[in-house]
Every structure is written in C-alpha cells, then in structure tokens.
Amino acid sequence: AAIGNNAGGGRAGALSPAPVTEDLQKIDVNPPKGTRDFPPEDMRLRSWLFFNFREVSRLFGFEEVDFPVLESEALFVRKAGEEIRDQLYCFEDRGNRRVALRPELTPSLARLVIQKGKSLSLPLKWFAVGQCWRYERMTRGRRREHYQWNMDIIGVPEVMAEAELISAIVTFFKRLGITASDVGFKVSSRKVLQEVLRRYSIPEALFGKVCIIIDKIEKLPLAEIKKELESVGVLEEAIEQLLQVLSIKSLTELEEILGDSGEAVADLKQLFSLVDKFGYSEWIQFDASIVRGLAYYTGIVFEGFDRGGKLRAICGGGRYDRLLSTFGGDDIPACGFGFGDAVIIELLKEKGLLPELGLQVENIVCALDPGLQGAAATVATILREKGQSVDLVLESKPLKWVFKRASRINASRLILVGDSEWQKGMVGVKILSTGEQQEIKLDELD
Ligand SMILES: Nc1ccc(Br)nc1
C-alpha cells in the first residue's frame with residue numbers, strides 16, 4: 001500500500017474528509033546498523049558483480065550451491081582465538097537452540113559435503129555467493145554483513161587445486177579490466193610455520209592459535225605479538241626464529257632456512273611452476289608473512305592485495321585438509337577462497353573501472369486515451385511474449401509525462417496506441433533515438 005494512505009481504509013471521497021489516521025508510530029526507514037539496502041542503481045552494480053562471479057565459476061566448471069544464512073553456532077565455535085569467533089552474530093532461538101548468522105561459507109560447505117557423504121563423487125568443484133555476517137560493536141562503524149563469492153575444490157590433495165583457484169580469481173580480475181599491475185597475490189604455506197614450530201617441538205595443538213596470533217602481525221605492535229605467542233607456550237627462541245622466517249620474501253631464501261626436503265618448499269615450488277603454466281606468474285609472489293586469519297588452513301594460503309597498498313585484502317583462501325575430519329567426516333583434502341563484495345568495488349572505483357549500468361527498457365507502451373488502456377495491455381503482452389521488455393504506462397498520462405518517463409528509463413521505442421490506428425489493427429512506433437515515427441501492423445511488431 002502507498003505510504004501515508006488513510007489508515008481508516010477506503011478512498012477519501014471529495015465530499016467527506018479523510019478519516020483521522022491512527023497514531024502510526026513513525027518507524028526508522030533506515031536498514032539496521034551495519035547493513036545495506038540495495039536500491040535499483042546499487043542492485044544493478046551488485047548483480048553485475050555477481051554475474052561475473054558466476055560466469056568465472058561456470059568457465060571453470062564449478063557447480064553452484066547454497067546453505068542457510070542461519071546455522072548452528074557449533075559450526076563456528078573454534079578455540080583458536082579468531083576474530084571471526086569474537087564477532088559471531090549468534091543468539092538463542094525460540095527453541096533454545098544456539099544459532100548464528102554465518103560469518104563465512106566454508107563450514108556450511110563442509111557440513112553439506114559430510115551430509116551427502118558417499119553419494120558424492122570426488123572431486124567436487126562447488127561455488128557459492130552468499131551473505132555473511134559479523135556482530136561488531138558499531139563503535140568502529142564497520143559493516144555487519146557482506147556478500148562473499150566462494151569457490152572450493154574438495155578431494156584434490158595436490159597443489160594443482162590451489163593453482164586452479166588462483167587462476168579463477170585472475171580470470172575474474174581480467175574480466176573486470178584489473179591487471180597484474182593493479183593487484184597481486186601474496187602466497188605462502190602454513191607448512192612453513194609447522195616446520196619451524198616442529199624444530200622447537202611446539203605441540204601441533206598450538207598450531208592454529210599461533211597462526212591466528214601471527215596473522216595479527218601487521219595490526220599489533222611486535223611486543224604484543226611476542227607476548228601473545230609466549231602466553232600460548234611458544235618459547236622466546238622459537239619466537240625469534242618464527243619472526244625471522246616470516247620476513248622471508250623469496251623461495252630460495254626459504255629453502256636455505258628450511259632445507260629442500262620439507263613439504264612447504266616442495267608445495268610452493270610446485271604451485272609457482274603450475275601458476276606459470278596457467279600464464280599467471282606475474283600475479284603471484286611468495287610472502288612468508290601470509291598466514292590468513294582462519295584457524296583451519298593447513299597448507300598453501302594466499303590473499304589478493306592491491307599494489308597501491310590503500311585497500312584491505314581483496315580476497316583470500318587456502319588449503320584446509322583437516323576441516324571435514326574435525327566435523328566428524330572422512331579425511332578429505334579441500335581448498336577454497338572467499339572474495340567479498342566490498343573491497344573489489346572500492347578498487348574498481350579507484351581504477352575508474354565501474355561499469356555504466358543504466359536501466360534499459362526496449363519499449364514504453366502508452367494508450368492515447370483511457371478507452372484504449374486494454375488495447376495497450378494487449379500490445380504489451382504481444383511484445384513481451386516476443387521477448388521484448390515493455391514499460392506499460394498504467395494510467396492515463398499526458399504525452400509530456402510519457403516522454404519524460406521514456407527518457408528516464410532509456411526506452412528505445414515509444415509504442416502509441418491511438419484510436420484511428422487501432423481501428424486498422426496498427427500502432428504508432430517512435431524510435432526515440434532518431435525521432436523517426438511510423439505506423440506498424442500489430443502482427444508485424446517485432
Ligand atoms: N566474516 C565477515 C562477515 C561479515 C563481514 Br562485513 N565481514 C566479515
């Protein structure tokens with residue numbers, strides 16, 4: 001119903017005053033804090049972005065999946081001290097169940113793979129585009145929801161899977177006009193940390209926690225990082241070695257430190273060789289400081305960054321070979337990435353790459369007098385059933401109004417239903433770009 005119509009119901013006739021409206025509580029018409037509406041112009045940009053997510057996923061032979069935004073809280077309760085856990089949008093539902101708005105898609109994907117079990121033939125190549133949530137105190141004024149594109153490969157232990165995923169993201173960037181001069185991928189492997197920690201016989205159980213602390217290395221003072229590492233039981237000497245290894249920026253140097261017998265160096269060499277075969281070497285660089293902030297990564301990790309250094313990470317991902325087994329599933333290797341809908345738009349704006357996405361309607365159909373409104377409806381159906389878009393003028397309007405609307409909606413043609421033409425089974429057609437006008441038989445309208 002229209003906003004502000006009389007609350008007493010019925011039409012306010014000219015003779016009787018409109019009934020007094022009840023005392024309607026004026027609601028806040030803004031969306032909840034940290035969330036966004038998508039009015040048409042914003043929705044066109046979002047749909048364009050998601051279309052490209054889906055097109056790349058199709059090019060790579062991935063199948064689309066989706067899951068509920070609401071999940072059991074247990075899916076996300078990890079004890080590694082992740083930010084994603086601290087900001088979980090969780091609550092107790094009316095059935096006293098602990099539930100959460102998903103902060104990411106990977107655990108839901110893992111849950112579905114386990115649920116489907118043996119009925120699935122590996123490898124799986126699944127993608128999803130879904131809204132994810134976090135509850136952050138608004139003191140920081142950041143958003144509480146965003147849309148994430150995920151691509152995951154389930155059942156492939158070799159790093160060819162990670163190379164394929166990086167290749168998919170490069171394909172996406174290239175489609176949007178983003179080049180290797182604009183963005184790159186920092187690539188490392190958590191096996192680097194694992195091999196260092198093993199040298200200092202730091203228990204594997206600490207691995208996730210150490211990674212989450214290390215992931216904050218750019219956000220917290222070094223003293224704070226060291227303090228947190230000591231608090232989880234990493235000895236001073238091990239910390240120094242860790243920090244030294246994390247500053248390495250070349251695979252050659254890494255090999256000098258770790259030797260060439262470990263998996264970390266082997267995986268990374270293989271990955272770089274495969275990405276080269278994809279033709280995307282200029283897009284990636286080794287950076288030992290990359291660990292990513294999710295506890296479940298076990299191997300290669302990567303993140304897309306803008307070379308201008310102004311924006312937060314564009315996307316990120318990696319291998320998570322243990323996640324399914326921690327959910328009680330089989331030991332199935334997996335890797336994937338998440339790509340948010342916010343930073344990429346900031347990057348496109350900065351690069352002047354935002355697309356022009358005006359509303360485009362092929363026809364605007366208008367009856368020249370009220371008695372021909374039905375005829376106009378008939379014309380609209382004929383055109384629509386031929387696959388043509390039609391904005392039908394739904395009430396009697398002056399031609400000036402119709403032309404103004406035709407211009408606003410970028411209509412290509414104005415179809416005028418007038419009495420004399422209609423009597424001859426014809427309509428007036430005006431090509432709005434040229435002004436050319438002609439009468440066309442209804443059955444020749446195309
Ligand atoms: N995980 C997550 C969810 C929602 C936003 Br906004 N950012 C991160």
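Read the numbers this way: they start at 1 and go in the same order the structure lists the ligands and their atoms. Quantities reported herein were computed from a predicted structural model and do not represent experimental measurements. Numbering starts at 1 and runs along the sequence shown.
For the pair Lys404 and Trp401, the cation-pi test (distance below 6.0 Å, angle within 45°) is failed. For the pair Arg54 and Phe127, the cation-pi test (distance below 6.0 Å, angle within 45°) is failed.
With a heavy-atom cut-off of 4.0 Å, Glu145 touches ligand 1 through its backbone alone.
The main-chain N or O of Ala334 is found under 3.5 Å from a side-chain atom of Asp321 such that the two form a donor-acceptor pair.
Between Cys132 and ligand 1, no pair of N/O atoms sits closer than 3.5 Å.
Nearest non-hydrogen protein atom to atom 1 (N) of ligand 1 is Pro103 O, 2.8 Å. The nearest heavy-atom contact from the protein to atom 7 (N) of ligand 1 is Arg134 NH1, 3.4 Å.
Using a cutoff of 4.0 Å between basic side-chain nitrogens and carboxylate oxygens, Lys125 and Glu63 are not scored as salt-bridged.
Using a non-hydrogen distance threshold of 4.0 Å, Arg143 registers as a contact of ligand 1.
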*asked:* With side-chain contact (heavy atoms from CB on, under 4.5 Å) as the criterion, how do Val234 and Lys226 come out once you've worked through the C-alpha distance, each side chain's angles and the decisive distance to 0.1 Å?
replied: CA-CA 9 Å; Val234 184; Lys226 289 184 177 178; over 6 Å; no
